[in-house]
Amino acid sequence: MNGGELYIRATGTWLPPVERLADAVADGRCDAAVARSTRMESVTVSAGEPAPEMAARAARTALERAAAEPGDIDLVLHASFYYQGFDLWAPASYVQRTAVGNQCPALEVRQVSNGGMAALDLAWAYLAADPARIAALVSTGDRFCPPGFDRWRSDPGTVYGDGGTALVVSRHSGFARVRSVATVSAPDLEGMHRGDDPFGPAPFSHRDVVDLEAHKRDFLAGHGVAPTVARVAAAQESVVKQALADAGLGLADIDRFVLPHLGHRRLHVAYFAKFGIDPERTTWDWSRTIGHLGAGDPFAGLDHLVTTGALGPGDTCLLFGVGAGFSWSCAVVEILNTPPWRDR
Ligand SMILES: CCC(=O)NCCNC(=O)CCNC(=O)[C@H](O)C(C)(C)COP(=O)(O)O
């Protein structure tokens with residue numbers, strides 16, 4: 001169980017323009033088979049904006065919407081998982097200096113695609129530990145660009161988009177209440193994003209471009225597909241059960257589902273078919289135009305549903321996060337009122 005009340009004061013995203021998969025297939029950047037299996041339409045692609053800068057822009061939007069002063073923020077957590085622009089550096093401090101302008105603890109959470117949701121879980125516990133602590137900013141930012149990452153081919157079941165997202169959470173008030181956050185870990189699966197590669201002395205010591213499919217093939221060769229799929233499914237189920245139980249709700253009580261921006265085949269196996277979720281009640285129709293934002297999918301998806309009015313007062317929403325490791329987080333969010341920034 002989490003500690004005390006937690007509210008969402010504001011969400012924020014900063015997303016660059018999209019590139020269409022049809023164009024990427026036509027010019028050979030994206031394999032037609034990936035376009036077919038993922039059913040993605042487009043992904044956001046940064047023309048040069050660095051990941052921490054996109055996170056800071058999303059953070060500024062969320063802080064403005066929250067009407068938060070620098071002194072209101074008691075913790076900054078920044079989640080990312082790809083290169084942040086410098087070899088040895090603290091992107092959370094960049095977000096704090098450029099978007100927040102205070103001196104509270106600013107720390108990074110690197111838990112691959114589950115980093116944003118894991119940071120939300122950690123922020124709640126940090127705020128609950130001291131009555132003097134009121135609010136936190138959680139930001140995410142990633143730019144999946146060459147030479148080290150191929151957004152179309154580095155992870156064939158998922159096409160990657162660039163962007164920044166942010167959440168301002170508070171123990172006192174907000175347009176939505178976080179009724180629970182649960183996190184589950186399965187470290188026996190960490191080898192799936194490592195494969196048979198040796199540990200290296202520097203980035204890209206063993207290969208020039210991230211190739212998650214190669215690591216997955218190596219891992220499955222040793223661990224078997226069926227047991228691995230079953231392990232992933234069981235852990236995903238356990239985190240959903242825990243979040244719903246902590247919120248005192250059942251799956252049937254949930255109005256909308258914010259899913260990771262994975263390709264359609266992966267979403268079908270892990271969410272639509274597994275939980276009997278109607279794609280129409282999820283963020284799929286939108287996420288297929290955005291791509292996998294790394295740690296930011298859940299915040300971007302919530303921002304989209306609230307801003308477009310798909311979620312309104314009295315509605316409940318389940319946020320899903322899953323990351324290499326693996327780790328899964330799940331949050332139950334109840335919308336209390338319509339935020340002033342909702343599309344008119
Ligand atoms: C590396 C980025 C990241 O953290 N992504 C989230 C974790 N990855 C996923 O959830 C993708 C789905 N993959 C899996 O569940 C496992 O690899 C399976 C269970 C082996 C299935 O793989 P698939 O056939 O979908 O490629």
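Given the structure is predicted, the values throughout are model-derived calculations rather than measurements. Order of listing sets the numbers, starting from 1, for every ligand and every atom in it.
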Legend entry - Point-to-point distance, once rounded to the nearest 0.5 Å, from OG1 of Thr283 to CG of Leu319: 9.0 Å

Output field: ring centroids [X]/[Y] closer than 6.0 Å:
| X | Y | result |
| --- | --- | --- |
| His193 | Phe219 | no |
| His268 | Trp284 | no |
| Tyr94 | Trp89 | yes |
| Phe144 | Phe81 | yes |

Inset, instruction - Go through the steps for Glu19 and Arg151 under the test salt bridge (charged side-chain N to carboxylate O under 4.0 Å, His left out), then give the verdict. - result: CA-CA 11 Å; Glu19 290 185 8; Arg151 70 178 72 256; 5.6 Å; no

Around [atom], find the nearest protein heavy atom and jot down its residue, atom name and distance.
| atom | result |
| --- | --- |
| atom 6 (C) of ligand 1 | Val322 O, 3.4 Å |
| atom 9 (C) of ligand 1 | Phe326 CE2, 4.1 Å |
| atom 15 (O) of ligand 1 | Val232 CG1, 3.9 Å |
| atom 18 (C) of ligand 1 | Met192 SD, 4.4 Å |

Enumerated ligand 1 atoms positioned under 4.0 Å from heavy atoms of [X]:
| X | result |
| --- | --- |
| Ala324 | 3 (C), 4 (O), 7 (C) |
| His193 | 1 (C) |
| Tyr160 | 1 (C), 2 (C) |
| Leu212 | 1 (C) |
| Val112 | 1 (C), 2 (C), 3 (C), 4 (O) |
| Arg266 | 11 (C), 12 (C), 23 (P), 25 (O), 26 (O) |
| Arg265 | 23 (P), 24 (O), 25 (O), 26 (O) |

Legend entry - Close approach of Gly157 to ligand 1, heavy atoms, under 4.0 angstrom: no

Inset, instruction - Using distance alone, determine whether Ser113 and ligand 1 share an N or O pair under 3.5 Å. - result: yes

Inset, instruction - Return a yes/no value for Lys216: is any of its N or O atoms, backbone included, closer than 3.5 angstrom to an N or O of ligand 1? - result: yes

Inset, instruction - Give a yes or no on whether Arg39 atom CZ has more than 12 heavy-atom contacts from other residues, nucleotides or ligands under 6.0 Å away. - result: no

Legend entry - Asn337 to Gly174 - nearest heavy-atom pair and separation: ND2-O, 4.1 Å

Tell me which donor-acceptor pairs under 3.5 Å the side chains of residues 248-258 have, and how far apart each pair is, sequence neighbours excluded?
residue	atom	partner	partner atom	Å
Asp253	OD2	Gly250	N	2.6
Asp255	OD2	Thr316	N	2.7
Asp255	OD2	Thr316	OG1	3.2

Compile the donor-acceptor pairs under 3.5 Å between side chains in residues 115-137 and protein atoms, sequence neighbours left out, one pair per line.
residue	atom	partner	partner atom	Å
Asp121	OD2	Thr183	OG1	2.7
Trp124	NE1	Gly3	O	2.8
Trp124	NE1	Gly4	O	3.3
Asp130	OD1	Ala132	N	2.7
Arg133	NH1	Tyr126	O	2.9

Legend entry - Nearest protein heavy atom under 4.0 Å from atom 21 (C) of ligand 1, yes or no: no

